[in-house]
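Notes follow the structure.
Every chain is numbered from 1, with letters handed out A, B, ... down the list of sequences. None of the values given here were measured: they were computed from a predicted structure.
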Amino acid sequence: MTTTEPAPNPAEEAAEEERPIGFGRLLRKEDPRLIRGMGNFVDDIQLKGMLHLAILRSPMAHARIVSIDVSAAQAHPKVVAVITGADLAEQGLAWMPTLSNDTQAVLATDKVRFQHQEVAFVVAEDRYSARDALELIDVEYELLSPVINVRKALDPDAPIIRDDLEGKTDNHIFDWETGDEAATEAVFLNAEVVVSEEIIYPRVHPAPMETCGCVADVERVSGQLTLWCTSQAPHAHRTVYALVAGLPEHKIRVIAPDIGGGFGNKVPIYPGYVCAIVASLVIGKPVKWMEDRTENLVSTGFARDYVMKAQIAATKEGKILAVRSEVLADHGAFNGVAAPVKYPAGFFGVFTGSYDLQAAHAKMTAVYTNKAPGGVAYACSFRITEAVYMVERIVDCLAHELKMDPAELRLKNLIKPEQFPYTTKTGWVYDSGNYEPAMRMAMDMAGYEELRREQAEKRERGELMGIGVSFFTEAVGAGPRKDMDILGLGMADGCELRIHPTGKAVVRLSVKTQGQGHETTFAQIVAEEIGIPPEDIEVVQGDTDNTPFGLGTYGSRSTPVSGAAAALVTRKVRDKAQIIASGMLEVSVADLEWTKGSFAVKGDPSKSVTIQDIAMRAHGAGDLPEGLEGGLEAQICYNPENLTYPFGAYICVVDIDPGTAVVTVRRFIAVDDCGTQINPMIIEGQVHGGLADGIGMAMMQMIAFDEDGNCLAGSLMDYLIPTALETPDWETGHTVTPSPHHPFGAKGIGESATVGSPPAVVNAIVDALKPYGIRHADMPLTPSRVWETMQGNHTPPI
Amino acid sequence: MQVNMTVNGQEVSEEIEPRHLLVHFIRDQLGLTGTHWGCDTSNCGTCVVLIDGEPVKSCSTLAAMAGGHQITTVEGLEVDGELDPVQEGFMNCHGLQCGFCTPGMMLTARALLNKNPDPSEAVIREAISGQICRCTGYSTIVRSIHWAANKETKVSLGSAS
Ligand code: FES
Ligand code: FES
């Protein structure tokens, strides 16, 4: 079942505050403190005697460390300690595991493998002195030639980056494939039309406004470590620290306080965190490490860096038959990809898109280069950004060849509603979908036919206007523990709910907001299920001592996994409440009827008890039904049976100045379907943020390197992020196709727009350049790159 | 060296190093952590405060330069338990998500509305264009500022009649 409606006018709606007990537009519980500047971010934490840590980084991309002289730094009057890789090696702490079972240097011992790699750290009494002392460390390097061009990483004469790995004689990380190669080949051999294109998704960085950092505090006597950290996954971090440092897990408490945006950047464990823990352990005082913006951009989790050779096969009438691709993936110097173990290429397998295909196949090779590690970050839903970009771009290339309208081509090939659940040719089971209404709605909102007419007129006059379409299917909510784990930790999520005697509640989550509004939406989920107003429900998150285990917030998994857990734990409590109510009303359980907030006797609504009455009885002195324990609380761990598959249709309209090649995004229409909506205001916000990301990636953002491996995007002057001037006023709408397996039919939404918008923007720009005979151009489509494309000089960005 | 200034209406007098940035002085020395820090190059605007009513990036100002001036930080927007309409606008229109850019955005908005009580969308976008928000995509920030402008216009019309 799908319902459709255009987005309400938020300006009007904002005028009156609604107070739903459950789902609906509800102002956020987190805002009163944040608008007063009373948030508590990691860098806001001040502890008595706290010291400051700063990291010395390598100026070279690939070099052997000959010597490190720290004596002058140590002599600085405000310096407490200077630690090098050799010092850590003595404790067995110079290397740590990455989230994909590789190893990464905490501090370099033998050589540096990317520019800005961590080499040593200083702990000093204040942040300025710690930085001053870095200047006093003298490191002698012996330069090695770096591997920067990903296409040359596997050349026989390429320098070996990971000579620390025993027996390593090349820069190869893994090969992976999915789909049926032979069947796909057969379809391609017989196809009337085959279109091929090399499509590049350059390296980008999430760059949340708050950089990464932590405060580590080890109590000398008890050995208790408290770590306040910019972590999207506090429980996973705690377990990894226990495994790396041999610290007993019950002595580690990871607290993720308010987080200033994450987008995947705050999933991995960074060397800086480990350094701060070691420093506090050694010195016996709390130690703060906060990276600066350059450190954030050049050393922490980047995203993408995929070179994708894509091919699509179709009939002359535009029936798409098969898609295949070969991918070369640049993972940087350490394989730090945060993806489920069995999915080394993340969920790239959904590159079949939203189309009903006969066959599909992809193969991939991942390599080391002398660049910062990472790859899975930036709202990518585990590489679905790359997959969706590739398929939506190659479908547009096909439309170009067939001289068909790209919206019409998509409509012709979308999976039909009756085909759901739909198993793709790469084995993914799309849970539910009703694609055509979303596409039609986006076209109606855009006034698609009218836009095409306007474009035709403008083309006559030599003006450049483009209309870009994309349709995406996401796969979010990792994941079923039978085949998804990270470092052996199953991707299920716990949730605990307690109703206090007075009917107020506290719900404890394993996930952690970084701005998504969990304090509000999780209170709404509990409210919806049990009828307690959201303002009476406290949401606890981001503290491993006070929340049940679970893998955290990324890959749009909070609502699909943890949200399901919250609903189910509430139902469990409600079931118990029903038994108590049956005692209170002296009828059998089966004779009770639930309306939000109370149980009433069937056929006699005057006999009823509210959940608040029941809570008091559960904790009170009166009798409870035979064999029932007091209290009103429950805990569960939810293991999702499948991912959820949100989808959407996006249309972007651009104008290009033919004289300067400056692209203006005039309009952006986004129709999303994330199943049942918890809070439409928050959903709209999630979509808006992702749309801005799309413009950034398509037109501005790229982490580029020169041939020596110098990172050319180490500041916000070089790594351009959209402002209010580059972004239009977004036009959003939605359809609602509930997930059949999620307890209340919701799907994730956090990353849909980041996934779906880049192809719409690029397709619009390429469409505008059609008069120049252009079929494809690679991101980032900056004015200079658009200009070159107009001159027939388009070059790939890597 | 000694520096004296007025912060949110209160006189402060503190010993600082001449090189101390205003943002660090406000955060670390005065403990007003609502002012944030987000970049090394004056690009992000999470550090914006008002100096004598003008929005200024406190990461690019020495604390010493603020001596003798009136500083307003986000903590100074609420007066006697009454929220600034800009703060209400951000709450009502979902103008914030993680809240990291928000203090700077709100202070710029406050300064804008003081000069121009009825700004157009284009004027609002221009005013906040030196600041970055990674979460909201800006539309709801623009709406928030409009909301505040509308409320203030209504209030001043009300008091005039
Ligand atoms: S901290 Fe980025 S502009 Fe001031
Ligand atoms: S609300 Fe997160 S950066 Fe603006």
TODO: Sort B:L107 into side chain, backbone, both or neither according to what part of it lies under 4.5 angstrom from a heavy atom of chain A.
DONE: neither
- [ ] Could you tell me which portion of B:E121 (side chain, backbone, both or neither) has an atom closer than 4.5 angstrom to a non-hydrogen atom of chain A?
- [x] side chain
- [ ] Sort B:T46 into side chain, backbone, both or neither according to what part of it lies under 4.5 angstrom from a heavy atom of chain A.
- [x] side chain
Open item on the list: Counting only non-hydrogen atoms closer than 4.5 Å, does A:Q516 touch chain B with its backbone (N, CA, C, O), its side chain (CB onward), both, or neither?
Closed with: neither
Task: Enclosure of B:Q10 CD (heavy-atom neighbours >12, cutoff 6.0 Å) - done: no
Open item on the list: Please report the interatomic distance CG(B:D40) to CZ(A:R293), rounded to the nearest 0.5 Å.
Closed with: 8.0 Å
TODO: Kindly compute the distance separating CG (A:L26) from NE2 (B:H94), expressed to the nearest 0.5 Å.
DONE: 11.5 Å
Task: Atom pair CG (A:L716) and CD1 (B:I132), whose distance is rounded to the nearest 0.5 Å - done: 5.0 Å
Open item on the list: Rounded at 0.5 Å granularity, tell me how far NE2 in A:H688 sits from CD1 in B:I141.
Closed with: 11.5 Å
Task: A:M681 portion near chain B, given a 4.5 angstrom heavy-atom threshold - done: both
Open item on the list: Measuring centre to centre across the rings, with the benzene-like ring taken for any Trp, is B:H20 within less than 6.0 Å of A:Y128?
Closed with: yes
Task: Contact origin within B:L77 toward chain A - heavy atom pairs under 4.5 Å - done: neither
Open item on the list: Quick check: do B:C98 and A:E210 have side-chain heavy atoms less than 4.5 Å from each other?
Closed with: no
Task: Side chain to side chain, B:M91 and A:P32, heavy atoms closer than 4.5 Å - done: yes
Open item on the list: A side-chain contact here means heavy atoms from C-beta on lying under 4.5 Å apart; do A:D693 and B:R134 qualify?
Closed with: yes
Open item on the list: Heavy-atom pairs under 4.5 Å with chain B: which of A:V687, A:N40, A:D44, A:D31 has the most?
Closed with: A:D44
Open item on the list: With a 6.0 Å cut-off (strictly less than), is the heavy-atom count around CE of A:M38, excluding the residue itself, greater than 12?
Closed with: no
Task: Best-contacting candidate, A:D258, A:L297, A:D132, A:D126, against chain B by heavy atom pairs under 4.5 angstrom - done: A:D132
Open item on the list: Report which part of A:L691 has an atom under 4.5 Å of a heavy atom belonging to chain B: side chain, backbone, both, or neither.
Closed with: neither
- [ ] Could you have a look at A:L34, A:D292, A:I35 and say which one has the most heavy-atom pairs with chain B under 4.5 angstrom?
- [x] A:I35
Open item on the list: Counting heavy-atom pairs closer than 4.5 Å to chain B, which one of A:A724, A:G696, A:G262, A:G690 comes out on top?
Closed with: A:A724
Task: Atom pair CD/CD of B:Q97 and A:Q514 - distance to nearest 0.5 Å - done: 11.0 Å
Task: Minimum side-chain heavy-atom gap A:D729-B:R125 below 4.5 Å - done: yes
- [ ] Might you work through the side chain to side chain contact (heavy atoms under 4.5 Å, CB included) test for B:H36 and A:D43, ending with a clear yes or no?
- [x] CA-CA 9 Å; B:H36 295 145; A:D43 199 25; over 6 Å; no
Task: Part of A:E731 within contact of chain B (heavy atom distance under 4.5 Å) - done: neither
- [ ] Hey, could you give me the CZ/CG distance between A:R127 and B:D28, rounded to the nearest 0.5 Å?
- [x] 4.5 Å
TODO: Would you mind telling me which of B:V86, B:I128, B:L96 has the largest number of heavy-atom pairs within less than 4.5 Å of chain A?
DONE: B:L96
Open item on the list: A side-chain contact here means heavy atoms from C-beta on lying under 4.5 Å apart; do B:W37 and A:T211 qualify?
Closed with: yes
TODO: With a 4.5 Å cut-off on heavy-atom pairs, point out which of A:G261, A:A207, A:P208 contacts chain B the most.
DONE: A:A207
- [ ] May I ask you to decide if A:G689's main-chain N or O and B:Y138's side chain share a donor-acceptor pair within less than 3.5 Å?
- [x] no
Open item on the list: Can you pull out every salt bridge (charged side-chain N to carboxylate O under 4.0 Å, His left out) where at least one residue sits in residues 70-84 of chain B? Sequence neighbours excluded, please.
Closed with: A:R36-B:E78, B:D84-B:R110
- [ ] Kindly indicate, with the supporting measurements, whether the criterion side chain to side chain contact (heavy atoms under 4.5 Å, CB included) is fulfilled by B:Q131 and A:T723.
- [x] CA-CA 7 Å; B:Q131 287 162 258; A:T723 71; over 6 Å; no
